[in-house]
Amino acid sequence: MPGGGRVTMDQIIVDVTAATLSGHIPKIGDEAVIMGAQRGETISADEVAQWADTISYEILCSLGNRQPRFYHS
């Protein structure tokens with residue numbers, strides 16, 4: 001899904017219209033990957049930085065403590 005929405009403080013609101021058009025109705029508790037990989041698709045910090053017109057270092061440093069992190073090896 002294309003990145004689109006609003007950022008407020010350390011939270012984000014995302015337009016999920018494209019997901020509903022594909023037949024999936026998002027529900028509370030559904031997984032949303034902002035950076036990382038899911039079902040063969042990957043979103044890198046560099047890609048997010050391009051959308052935000054900045055560099056990946058700024059994106060990674062701006063992540064707060066409230067966002068859970070999952071590390072897979």
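Everything numeric in this text was worked out from a predicted model, so none of it was measured.
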Which heavy-atom pair separates Ala45 from Ile59 by the least distance, and what is that distance?
O-CG1, 4.4 Å
Roughly how far, to the nearest 0.5 Å, is CD1 of Ile43 from CH2 of Trp51?
4.5 Å
Worked verdict on Leu63 versus Met35 for side chain to side chain contact (heavy atoms under 4.5 Å, CB included)
CA-CA 11 Å; Leu63 295 174; Met35 281 186 291; 3.9 Å; yes
Remaining members of hydrophobic cluster (4.5 Å side-chain criterion), Tyr57:
Ile55
Between Ser56 and Ala49, the two heavy atoms sitting closest are N-CB, 3.4 Å
Scanning both residues in full, the closest heavy-atom pair of Thr20 with Pro26 reads CG2-CD, 3.7 Å
Does CD belonging to Glu41 count more than 12 external heavy atoms closer than 6.0 Å?
no
Is it the case that more than 12 heavy atoms not belonging to Glu47 sit under 6.0 Å from its CD atom?
yes
